[in-house]
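Since the structure comes first, as structure tokens, the remarks are kept for the end.
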There are 2 protein chains.
Amino acid sequence: MSTDAHILIVDDDRDIRDLLSRFLRKNGYRISAAADGNEMKHILETARIDLIVLDRVMPGSDGLSLCRELRATSRTPVILLTLLGGDTDRIIGLEIGADDYLAKPFNPHELLARIKSVLRRVSDLPLQSSLQKSPVLSFGGWKLDRSRRYLESPVGVLVSLTDGEFDLLLAFAERPQVILSREQLLDLSRGRSAAAFDRSIDMQITRLRRKIEADPEQPEIIKTVRNKGYVFTSEVTGAAE
Amino acid sequence: MSTDAHILIVDDDRDIRDLLSRFLRKNGYRISAAADGNEMKHILETARIDLIVLDRVMPGSDGLSLCRELRATSRTPVILLTLLGGDTDRIIGLEIGADDYLAKPFNPHELLARIKSVLRRVSDLPLQSSLQKSPVLSFGGWKLDRSRRYLESPVGVLVSLTDGEFDLLLAFAERPQVILSREQLLDLSRGRSAAAFDRSIDMQITRLRRKIEADPEQPEIIKTVRNKGYVFTSEVTGAAE
DNA sequence: AGAATTTTGTAACAGCACGTAACATTGCCC
DNA sequence: GGGCAATGTTACGTGCTGTTACAAAATTCT
């Protein structure tokens, strides 16, 4: 799990450091904190850090420059915290190479979500390697053509999938037997992270099941795993034919 | 890299000119500066400028008119600096044809981000180098003659394209398999940047598809990528025959 | 077991992106 | 100036996606 990752918080404000440290520790992360660029560098030299949460404004060294420096030397992911929520800042942040960006004041849960998302993006999800390059994936008679982006049913009829349905199905078919959370699916199929009460994946699953399951009420291919997400249970081969 | 681009700063305030010059030089750009419209024109005639940072208010010649003039003669991108941050200004700025817009006072880093963004939009577009000089581009039987500006169909009929259609098709054919946003296409084919609710590219695509797609409702050559833009999906060769 | 709570399925609706017809505008030629 | 061709704008239809609300199912609590 991504829990167990080591996060470094860099902020000159002691209260924020403490608050975030406690909050993130409670959520299963190992935490270090630094008050400025020097401390940060010191910690980076002595510990293996998986992600850095960096305040943009700090007396002495500015978060942006630190971030730029970091980017030059390592590829440890960075989430930048900044005061104003202007678009401009976002642009700058991402320009500089931050992996994500959060405007203060923010909800700690939001930070948590971003952290998860960034770590997930970085560490990447298992992908059955034999399926990596084959242009056509087959499962239970179905054929999913990656390059042409269509799905052929067992009896040879082309089933029209919307882009979103196709992307979701592909995310599954590339990772058979792996339980994928809604968050992971959102990330894989839409490239975004979940908002609160986000049910979009549920809906997309429903729609997909209507097209590929013999009985959408008793799904055989994409099964629900309560409290976890969904699994693609068919065996998948990269066979061309 | 876009670093190494040559930027012209036009502002009547010496301090600002110097500040920006130093700052941008430090970030790897070649800089020229002008105090008014005349100096600007002089420099434009003697050097190859990649981007202009233009102050809106200047004694003598107003930045807006200068910008409008510029647009009439060249497609060098312009970032406009203005005092008030009103929406109105933004709209005016972009209508006039500025590529971006920044309200004073601004953070130099912000300007840097905009500059990078504009330059990227304009020049960083991948262009399949082998196609760069060949006078005739071939794809799926079609032949696009760059120098004579005509298109020949697979059966050898000349298809008459308007200038705009030709420019758009060329922008695509030089970058096969690359997803191009409407903004990029506008820039590549018309040399201007998008206004709000700009659908002109959509229309031009529709018109182009009518001329080159077998079935304009099921386009095979120029495909739509939802939320992103369009892609030219045919393979392109620079071969003459 | 039955009640309360959580989680999932899904209908209904809202919003946006895209295609495109029809109209407006622009620039050009006679 | 009037007519024309090219291009841009507006308006509307369509399809896809996400949100909300509620029903159904699974789980936990008593």
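Please read these numbers as outputs of a predicted model, since none were measured by experiment. Letters A, B, ... mirror the listed sequences (proteins, then strands); counts begin at 1.
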Margin query: As an exercise, state the distance from CD1 of B/I201 to CD of B/Q184, rounded to the nearest 0.5 Å.
Written below: 11.0 Å

Item checked: For DNA chain C, stems built from three or more consecutive Watson-Crick or G-U wobble pairs below 3.5 Å -> C:1-30 with D:1-30

Check: Under a 4.5 Å cut-off applied to non-hydrogen side-chain atoms, are B/I222 and B/I205 in contact?
Finding: yes

Notebook entry, point to check: Of A/Q204 and B/F197, whose nearest nucleotide on DNA chain D comes first from the 5' end?
Noted result: B/F197

Check: A/T206 side chain N/O closer than 4.0 Å to the phosphate oxygens (OP1, OP2) of C/dT8?
Finding: no

Check: B/L168 has an atom CG; how far is it from atom P of D/dG8, in whole Å?
Finding: 10 Å

Check: Is there a donor-acceptor pair under 3.5 Å between the side chain of A/E152 and the backbone N or O of A/G141?
Finding: no

Notebook entry, point to check: Base, sugar-phosphate, or nothing: which does B/R209 touch, judged by heavy atoms less than 4.0 Å apart?
Noted result: sugar-phosphate

Check: Out of A/L144, A/L137, A/L158, which one pairs with A/L151 under the side-chain contact (heavy atoms from CB on, under 4.5 Å) rule?
Finding: A/L144

Note to self: So if I take residues 210-230 of chain B and measure heavy-atom distances to DNA chain D, which residues fall below 4.0 Å?
What the structure shows: B/R226

Note to self: Is the ring pair A/F232/A/F172 parallel, tilted or perpendicular, if the boundaries are 30 and 60 degrees?
What the structure shows: parallel

Notebook entry, point to check: Between B/R199 (CZ) and C/dC18 (P), how many Å, whole number?
Noted result: 8 Å

Note to self: Please check: side-chain N/O of A/D145 versus main-chain N/O of A/Y150, any donor-acceptor pairing under 3.5 Å?
What the structure shows: no

Margin query: Nearest whole Å is fine: how far is D/dA11 P from B/M203 CE?
Written below: 15 Å

Margin query: Between C1' on C/dT8 and CG on A/D202, what's the gap in Å once rounded to a whole number?
Written below: 7 Å

Note to self: Using a strict threshold of under 4.0 Å (side-chain N to carboxylate O), is an ion pair present between B/R146 and B/E174?
What the structure shows: yes

Next item on the list: Provide, to the nearest angstrom, the distance between the CD atom belonging to A/E165 and the P atom belonging to D/dC16.
Entry: 8 Å

Check: If you check every side-chain atom of B/R182, which of D/dT17, D/dT7, C/dC18 has the closest atom?
Finding: C/dC18

Note to self: Whole angstroms only, please: what is the CD1-P distance between A/I201 and D/dT19?
What the structure shows: 11 Å

Check: Would you say the side chain of B/I79 lies within less than 4.5 Å of the side chain of B/I115, judging by non-hydrogen atoms?
Finding: yes

Note to self: Distance check needed: D/dG15 P versus A/R207 CZ, whole Å only.
What the structure shows: 14 Å

Next item on the list: Check step by step if side chain to side chain contact (heavy atoms under 4.5 Å, CB included) holds for B/V10 and B/L8.
Entry: CA-CA 6 Å; B/V10 186; B/L8 172 58; 3.9 Å; yes

Next item on the list: Measure from CG on B/L208 to P on D/dG8 and round the result to the nearest Å.
Entry: 13 Å

